[in-house]
Amino acid sequence: MTEKIIVTSALPYANGPIHFGHIVGAYLPADIFVRYQRMRGEDVHFVCGTDEHGVAITLKAEQAGQSYPDYVDHWHREIGRILDSIGIEFDLFSGTAAHHNPFHAELAQGFFLDLMRNGYLEQRTEEQFYSATLGRFLPDRYVEGTCYKCNSPNARGDECPSCGSWLDAKQLIDPRSTLDGSTPVLRETRHWYLKLDQIRDEWLAEWFTAKTAEWKVNVRHFVASALDDLRARPITRDLPWGVPLPGEFAEAGKVLYVWFEAPIGYLSISKQYWNGQGQPERFEQLWKDPATKLYHFLGKDNITFHAVVFPAMLWGTKAGWVVPTNVPANEFFNLEGKKFNTSKGWYIPESSISGRFPVDGLRYALATMMPETADSDWSWREFQARINDDLADNLGNFVARTLRFAERFLDGAIPDLGPLLPQDRELLDAGAAAAEEIGAHLASFSFRKACARLMAFGNTCNKYYDTEQPWATRKTDPARCGQTLRVCAEAIRTLAILARPILPDTSGKILEALGVTAPPTWADAGGVGLPAGPLRAEPLPVLFPKVADQLVAEELAKLEKMAAEPTEGAPAVASPATEAGAAGDAAQEPIAPEIGFDQFTAVDLRAGTIVAAARHPKADRLLVLQVDLGFEQRTIVAGVAQSYDPATLTGTRVVAVVNLAPRSLRGVESQGMLLATDGPDGKPRFVAPGEGAPNGTRVR
RNA sequence: GGCGAGAUAGCUCAGUCGGUUAGAGCGAUGGCUUCAUAAGCCAUAGGUCCCCGGUUCAAGUCCGGGUCUCGCUACCA
């Protein structure tokens with residue numbers, strides 16, 4: 001019986017590009033899963049789109065001098081292009097902003113009203129920080145101050161990085177806006193809260209225990225702790241860009257909080273699709289059928305929302321929406337052992353990828369590297385090995401040796417199938433067995449195992465070829481030779497079917513060469529399925545050209561070079577979205593409020609020389625330096641341990657602030673401060689005084 | 001220092017509920033093969049499952065302690 005399946009990939013936030021980490025976490029596995037389920041004949045619906053509201057987008061758009069829709073469009077196109085380039089095929093890739101999706105606001109408002117009616121919303125009046133200079137409310141995370149719990153000076157409004165507590169921004173000591181440095185004022189505002197704790201007690205906790213036993217361990221772990229911590233969360237914000245509250249609840253400048261409204265995009269985009277198809281009724285038939293399976297593919301940073309908050313929302317409407325069947329989240333994906341980081345030059349430029357390799361090669365390599373159970377890496381050597389060893393030597397070469405043999409020695413004609421010898425039967429059966437096992441792996445999100453099993457079947461095929469030796473039977477037993485080739489052709493057909501979810505292009509090419517015109521189903525794999533009669537096998541160009549050692553060496557060298565000089569190079573396919581703006585942040589750091597000349601001269605800067613350096617005994621980033629200032633020597637603690645080896649620092653010229661009040665840093669008193677700028681890697685570098693300036697010379 | 005994850009073959013990683021002799025791929029070495037993209041097939045070598053202790057008839061697996069690695073984070077006047 002046909003299953004209804006809805007598959008979603010995490011909605012990428014429309015303020016930067018997506019990179020391999022996203023692709024490998026949320027988009028490629030979903031696409032492979034969807035292709036497989038479709039081949040199984042299931043009724044699969046696959047939607048995605050950009051998440052286009054929220055304060056970060058408004059700020060970025062304003063910085064870029066663009067309207068919100070224009071700004072969002074830019075990233076929508078860019079992200080869509082990247083997804084397209086790796087062969088991700090959604091039913092619809094839309095967005096959540098009104099100009100992309102006419103159904104989104106209405107549906108999100110419907111959620112609001114349903115939750116309201118069911119008593120899961122409550123209004124709370126509260127004070128929130130407001131920036132008079134910007135004329136807007138400040139999101140908690142844009143307010144910094146001193147933590148009221150642990151006195152750490154750099155707590156953010158939403159949480160304290162020092163003691164890890166979730167904070168109430170209002171209680172911060174000495175709050176300041178991180179946008180412009182101004183001191184925000186508290187202003188009264190009213191917001192709606194979603195009573196997640198109540199939903200947990202009524203349903204969520206029970207549902208989670210009962211239904212999620214087969215979920216991935218990493219997901220279960222995450223959710224269990226999130227459940228304990230669940231509290232009511234505000235679902236509205238004061239922002240000019242977003243989904244307005246519905247009807248009687250509408251208030252000027254108040255919108256649904258983006259975390260609340262974004263996942264409803266899965267539904268609204270689906271609705272948009274079915275309306276576009278002229279079958280609007282299909283939308284609710286899918287989303288409100290309790291038998292429908294719903295899968296959310298995403299990275300581990302998104303687990304809580306999709307496994308806790310969104311199910312709570314769906315259920316809380318009591319409108320009959322399906323809740324997730326599974327949330328197959330992946331872990332993080334790194335680059336050669338280190339996190340992707342555009343601003344530090346640690347990413348893969350688009351020019352290194354696009355047009356250089358078959359898309360399928362990239363899909364396969366990424367599938368074998370997927371961070372299914374633990375963080376994993378993109379490695380150029382591994383990439384080369386997967387393409388060369390697996391796709392070229394094993395799979396590609398089996399196709400090539402069969403078809404070229406037929407072309408050379410059988411005049412391109414492979415005879416019809418004759419009576420099967422046991423070994424023929426064995427290979428055809430092996431195809432069916434592979435289909436079953438690979439299918440089980442794909443259905444359970446074990447894409448790495450599916451890849452490995454596919455290659456194991458390739459090995460079986462090559463083994464058959466070697467054992468049957470058609471190059472020998474060609475002379476001694478032409479009929480047997482023909483039969484061998486025919487069985488190989490059947491095996492290739494199976495190979496193409498089994499590879500299809502991962503290698504859609506290649507699969508198409510191979511089947512076409514074999515004269516198979518109808519799109520194959522999964523059940524077609526194994527056994528015999530080529531059109532009866534002699535087969536005109538079209539020779540194929542090389543499916544997977546080898547990746548040269550030199551290319552790997554070049555890419556690794558390029559990476560090292562970019563990491564050393566990260567200023568060049570534009571963000572590309574491999575640059576993290578969240579980091580996209582970071583490169584520009586140094587330049588965009590707001591200029592501090594104007595000061596008078598007196599205030600400048602109040603700072604006494606002197607040239608000096610480091611005469612001794614040692615690690616701080618109790619801090620990883622601090623060095624304890626002895627600085628010769630000509631007139632005296634001082635102990636100065638500086639946070640440069642990541643940039644400098646203390647052994648090499650003696651003799652380094654520095655500029656010191658000498659009239660700063662002494663302060664104890666983790667137990668060592670620092671009698672001043674050394675000037676430094678951030679290097680290209682984000683780590684500090686000392687600023688040197690002018691050449692020849694003796695120690696003690698004032699810097700002005 | 002805090003939080004989290006991890007440590008299994010030279011490399012990348014599987015290893016289910018605790019259960020026989022701990023596996024795969026790549027790499028290495030040797031042999032076979034010549035249809036094929038310098039491809040294929042076979043065989044062999046390679047292990048203190050990080051260490052110590054505990055539970056158990058039985059521990060890579062469970063518990064406690066330790067070491068190391070990685071990530072986040074703190075200390076950056």
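Given the structure is predicted, the values throughout are model-derived calculations rather than measurements. In what follows, chains are A, B, ... by sequence order, proteins preceding strands, each numbered from 1.
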Strand RNA chain B as a dot-bracket string - pairs counted if Watson-Crick or G-U with both distances under 3.5 Å, | where the partner lies in another strand: (((((((..((((.....[...)))).(((((.......))))).....(((((..]....))))))))))))....
Among A:Val24, A:Leu366, A:Asn330, the one residue meeting side-chain contact (heavy atoms from CB on, under 4.5 Å) with A:Pro29: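 Passing option: A:Asn330.
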Any A:Thr609 side-chain heavy atom under 4.5 Å of A:Thr652 side chain: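 Contact flag for A:Thr609/A:Thr652 side chains = no.
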Student check: side-chain heavy atoms of A:Thr635 and A:Gln626 closer than 4.5 Å: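 With C-beta onward as the side chain, the pair touches.
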Roughly how many Å apart are [M] and [N], using the [atom1] atom of each and rounding to a whole number?
| N | M | atom1 | result |
| --- | --- | --- | --- |
| B:rU12 | B:rU55 | C1' | 34 Å |
| B:rA24 | B:rC41 | P | 15 Å |
| B:rG66 | B:rG23 | C1' | 29 Å |
| B:rU33 | B:rG6 | P | 49 Å |
| B:rG25 | B:rC42 | P | 9 Å |
| B:rA36 | B:rC17 | C1' | 47 Å |
| B:rC11 | B:rC50 | P | 14 Å |
| B:rU8 | B:rA14 | C1' | 10 Å |

Students often get this wrong, so: under 4.0 angstrom with heavy atoms, is [X] touching a base, only sugar-phosphate, or nothing?
| X | value |
| --- | --- |
| A:Lys546 | base |
| A:Ala385 | nothing |
| A:Arg386 | sugar-phosphate |
| A:Asn459 | sugar-phosphate |

Output yes when [X] and [Y] qualify as a salt bridge under the 4.0 Å nitrogen-oxygen rule, no when they do not.
| X | Y | result |
| --- | --- | --- |
| A:Glu555 | A:Arg356 | yes |
| A:Asp628 | A:Arg634 | no |
| A:Glu468 | A:Arg480 | yes |

Stretch residues 397-412 of chain A: residues that reach within less than 4.0 Å of RNA chain B through a heavy atom: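 Nucleic-acid contacts, sorted: A:Asn397, A:Ala400, A:Arg401, A:Arg404, A:Phe405, A:Arg408, A:Phe409.
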Stepwise salt bridge (Lys or Arg N to Asp or Glu O under 4.0 Å) test for A:Glu407 and A:Arg404: CA-CA 5 Å; A:Glu407 188 195 11; A:Arg404 288 231 42 215; 3.8 Å; yes
Audit row: A:Arg700, A:Asp604, salt bridge (Lys or Arg N to Asp or Glu O under 4.0 Å) steps and yes/no: CA-CA 8 Å; A:Arg700 300 176 201 273; A:Asp604 192 343; over 6 Å; no
Interatomic distance where [atom1] belongs to [X] and [atom2] belongs to [N] [whole Å]:
| X | N | atom1 | atom2 | result |
| --- | --- | --- | --- | --- |
| A:Asp466 | B:rA36 | CG | P | 13 Å |
| A:Leu427 | B:rC41 | CG | P | 13 Å |
| A:Phe332 | B:rG6 | CZ | C1' | 16 Å |
| A:Asp393 | B:rA38 | CG | P | 9 Å |
| A:Glu331 | B:rA5 | CD | C1' | 9 Å |
| A:Gln469 | B:rU34 | CD | P | 7 Å |
| A:Glu468 | B:rA36 | CD | C1' | 17 Å |
| A:Arg474 | B:rU34 | CZ | C1' | 11 Å |

Tabulate protein N/O versus nucleotide N/O from nucleotides 10-14 of chain B, keeping only pairs under 3.5 Å, one per line.
{"unit_1": "B:rA14", "atom_1": "OP1", "unit_2": "A:Thr373", "atom_2": "OG1", "d": "2.8"}

A:Phe383/A:Trp378 aromatic ring centres below 6.0 Å: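 Here the rings of A:Trp378 and A:Phe383 have centres that are less than 6.0 Å from each other.
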Earlier contact from the 5' end, RNA chain B, for A:Tyr465 and A:Asn394: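 Looking at RNA chain B, the more 5' nearest nucleotide goes with A:Tyr465.
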A:Val542 side chain, from C-beta outward: closest of B:rC41, B:rU37, B:rA77: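 Nearest listed nucleotide: B:rU37.
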Options B:rA39, B:rU34, B:rU37, nucleotide nearest the side-chain atoms of A:Ala392: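 The closest nucleotide is B:rU37.
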Audit row: A:Asp424, A:Arg486, salt bridge (Lys or Arg N to Asp or Glu O under 4.0 Å) steps and yes/no: CA-CA 10 Å; A:Asp424 300 341; A:Arg486 181 68 181 210; over 6 Å; no
Residues in side chain to side chain contact (heavy atoms under 4.5 Å, CB included) contact with A:Ala452, at least two apart in sequence or another chain: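 Once residues adjacent in sequence are excluded, A:Ala452 has no partner under the side chain to side chain contact (heavy atoms under 4.5 Å, CB included) criterion.
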Partner residues of A:Thr368 under the side chain to side chain contact (heavy atoms under 4.5 Å, CB included) criterion, sequence neighbours left out: A:Tyr364, A:Arg386, A:Cys451
Between side-chain atoms of residues 395-402 of chain A and protein atoms elsewhere (two or more places apart, or another chain), which donor-acceptor pairs fall under 3.5 Å?
{"unit_1": "A:Arg401", "atom_1": "NH1", "unit_2": "A:Asn462", "atom_2": "OD1", "d": "2.8"}
{"unit_1": "A:Arg401", "atom_1": "NH1", "unit_2": "A:Asp466", "atom_2": "OD1", "d": "3.4"}
{"unit_1": "A:Arg401", "atom_1": "NH2", "unit_2": "A:Asp466", "atom_2": "OD1", "d": "2.9"}
{"unit_1": "A:Thr402", "atom_1": "OG1", "unit_2": "A:Phe398", "atom_2": "O", "d": "2.9"}

